[in-house]
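To start, the structure itself, in structure tokens.
Chain letters run A, B, ... following the sequence lines, proteins first and then strands; every chain starts at 1.
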There are 2 protein chains.
Amino acid sequence: MATKGQRGERRAGALSKERIVEAAIEILDAEGGGALTFRALTARLETGSGAIYWHVANKDELLAAATGEIIDRAMAEAVGGAEPREAIRTIALGIFDAIDAHPWVGAQLPREPWQAAMMRIFEGIGGRLQALGVPERARFDCASALVNYILGVAGQNAANARVFAGEVDRTAYLTAIAERWAQHDPAQFPFVRQVAAQLGEHDDREQFLAGIDLILAGIAAVSRPDDK
Amino acid sequence: MATKGQRGERRAGALSKERIVEAAIEILDAEGGGALTFRALTARLETGSGAIYWHVANKDELLAAATGEIIDRAMAEAVGGAEPREAIRTIALGIFDAIDAHPWVGAQLPREPWQAAMMRIFEGIGGRLQALGVPERARFDCASALVNYILGVAGQNAANARVFAGEVDRTAYLTAIAERWAQHDPAQFPFVRQVAAQLGEHDDREQFLAGIDLILAGIAAVSRPDDK
DNA sequence: GGCCGTCTTGGAGCGGCGTTCCAGCCATGC
DNA sequence: GCATGGCTGGAACGCCGCTCCAAGACGGCC
């Protein structure tokens with residue numbers, strides 16, 4: 001009993017999965033998705049790769065754990081007994097903001113289907129759909145639509161962050177993109193050209209929310225009792 | 001004039017970007033996203049890596065070209081002067097089926113934002129929104145919602161394909177997943193548990209289309225003239 | 001036909017990655 | 001105090017993307 005059970009720390013600065021995941025998140029946040037290597041981890045934790053592999057099976061597990069950690073934090077903040085429609089928007093925005101702050105999560109999230117992080121999101125959204133009065137048969141499809149939309153935006157944001165990494169001025173970059181789009185044959189790409197003009201002044205977060213509202217409106221339309 | 005201009009083939013079995021992309025697609029289709037290496041390419045094309053790098057800048061460009069090729073084919077098949085709502089569904093299904101046949105595309109598509117492949121999809125969908133009568137201000141948001149949803153599903157399908165790669169029986173795997181989900185604390189994951197029962201009998205393609213219809217319903221609701 | 005300059009090729013080699021393996025350290029139970 | 005086994009640090013392996021370069025192939029010119 002003196003040692004606080006079997007799993008007491010055997011050494012002061014002992015390694016643990018938690019410490020490793022924490023260090024991985026720090027590296028990912030500071031230097032981007034490509035910078036996480038076991039060599040960088042050993043340097044930061046002042047240890048060897050063998051020690052890390054004792055706690056973590058491989059890089060995929062490490063990335064899954066780091067992703068889960070970020071999503072769990074975001075979902076924990078997004079709780080609240082609000083009205084279900086508002087709760088779904090809050091959860092979605094929470095994930096959006098988490099990915100905005102940790103873009104590498106956007107690239108990892110789609111890679112680990114059926115994992116804990118995805119389940120949390122799915123549960124959070126699906127539960128509110130029930131509260132919203134969506135009939136049981138449609139709930140799976142509706143939750144799937146919302147989650148897939150969120151994952152799509154997540155992936156795009158991660159990709160954008162990768163591109164913007166070297167750029168100081170996001171607006172300048174978007175303007176350059178818009179020009180490139182605008183240059184394309186207007187006859188072949190009329191819509192893209194039209195949208196290019198709006199690229200500069202648009203707000204990713206607002207557009208994300210507009211998409212959520214669009215799907216929610218569709219859900220409301222489909223689950224109205226007079227429907228069918 | 002005898003040599004058909006500057007860029008005539010200088011050798012019979014000459015290398016070209018087209019041949020390299022074609023070989024890359026064959027490898028990706030046959031052995032999955034992780035199997036495409038320059039060494040595998042050199043073996044299949046019976047050449048050296050230097051020769052390949054003469055035609056292709058790097059692996060990213062090669063993957064972008066391969067992805068663009070698949071998407072271009074899918075978009076070309078999805079043309080047709082149908083009613084706009086139906087046209088959007090056709091385009092979406094075309095992309096879904098293309099990714100179903102070439103799962104690696106689902107992983108690549110979100111990685112290359114603002115590229116030719118994405119532009120094609122965006123243009124195809126955005127143009128039909130115009131025809132649908134969606135007001136100009138909302139068109140960008142609506143197209144973005146549809147495209148992001150498609151990208152989200154694409155990523156999930158790619159991830160699933162990666163998991164299923166070793167599995168012969170998809171249904172058995174899904175049942176195993178469902179069981180794992182069902183085992184989770186019902187108090188904490190009631191929705192997930194409920195959905196787990198439906199996992200076995202659900203059809204990815206139908207669910208994808210249901211999501212498209214959901215968003216289209218939302219677009220219809222938002223762009224009704226009596227709105228606002 | 002012979003030569004030359006350019007385009008194209010094949011392969012050796014470099015640095016870095018994820019992962020494995022193992023000799024030894026050290027807190028603990030006897 | 002000493003054996004035990006959880007835990008550590010680092011060397012080594014095979015594979016990767018990519019660079020570099022000597023040499024081959026070819027069209028144009030005399």
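- Atom CG in B:Leu45 sits roughly 13 Å away from atom P in C:dG11 (whole-Å rounding).
- There is no side-chain donor-acceptor pair under 3.5 Å between A:Gln183 and A:Arg193.
- Distances shown here put every side-chain N or O of A:Trp54 at or beyond 4.0 Å from the OP1 or OP2 atom of D:dT8.
- We find that B:Asp100 and B:Arg205 are not joined by a salt bridge, their nearest charged nitrogen and carboxylate oxygen being 4.0 Å or further apart.
- If you take CG of B:Leu41 and C1' of D:dC18, they are 14 Å apart, rounded to a whole angstrom.
- Rounded to whole Å, the distance from CG on B:Leu36 to P on D:dC18 is 11 Å.
- Rounded to whole angstrom, the span from the NZ atom of B:Lys59 across to the P atom of D:dG17 amounts to 4 Å.
- Between B:Tyr149 and A:Tyr149, the distance from one ring center to the other does not fall under 6.0 angstrom.
- Between A:Glu69 and A:Arg73 a salt bridge is recorded (basic side-chain N to carboxylate O distance below 4.0 Å).
- The distance from atom CG of A:Leu62 to atom P of C:dG18 is 10 Å, rounded to the nearest whole Å.
- The side chain of A:Tyr53 lies closest to C:dG18 when the candidates are D:dT19, D:dT8, C:dG18.
- The two residues B:Ala143 and B:Leu129 come nearest to each other via the heavy atoms N-CD1, 3.4 Å.
- Nearest-nucleotide assignment on DNA chain D puts the 5′-proximal partner with A:Gly48, out of A:Gly48 and B:Asn58.
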Restricting to nitrogen or oxygen on both sides, can you table the protein-nucleotides 12-16 of chain C pairs closer than 3.5 Å?
residue, atom, partner, partner atom, Å
C:dA12, N6, B:Ser49, OG, 3.2

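- Taking a pair as Watson-Crick or G-U with both hydrogen-bonding distances under 3.5 Å, the stems of three or more pairs touching DNA chain D are C:1-30 with D:1-30.
- Within the nucleic acid shown, B:Phe38 comes within 4.0 Å of sugar-phosphate atoms alone, with no base atom in reach, counting heavy atoms only.
- For the pair A:Ile20 CD1 and D:dC7 C1', the interatomic distance rounds to 11 Å; values are reported in whole Å.
- When all heavy atoms of B:Lys59 and B:Leu36 are compared, the closest pair comes out as NZ-O, 2.8 Å.
- The phosphate of D:dT8 has OP1 or OP2 within less than 4.0 Å of a side-chain N or O from A:His55.
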Using residues 17-24 of chain A as the side-chain source, report each donor-acceptor pair under 3.5 Å to any protein atom, sequence neighbours left out, with the distance given to one decimal.
residue, atom, partner, partner atom, Å
A:Lys17, NZ, A:Glu61, OE2, 2.8
A:Arg19, NH1, A:Gly13, O, 2.9
A:Arg19, NH1, A:Ala14, O, 3.1

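- The residue A:Ile52 sits apart from the nucleic acid: no heavy atom pair falls under 4.0 Å.
- Distance alone, capped at 3.5 Å, is enough to place a donor-acceptor pair between the B:Glu123 side chain and the A:Val192 backbone.
- Here the shortest heavy-atom pairing between B:Ile52 and B:Phe38 reads CG2-CE2, 3.5 Å.
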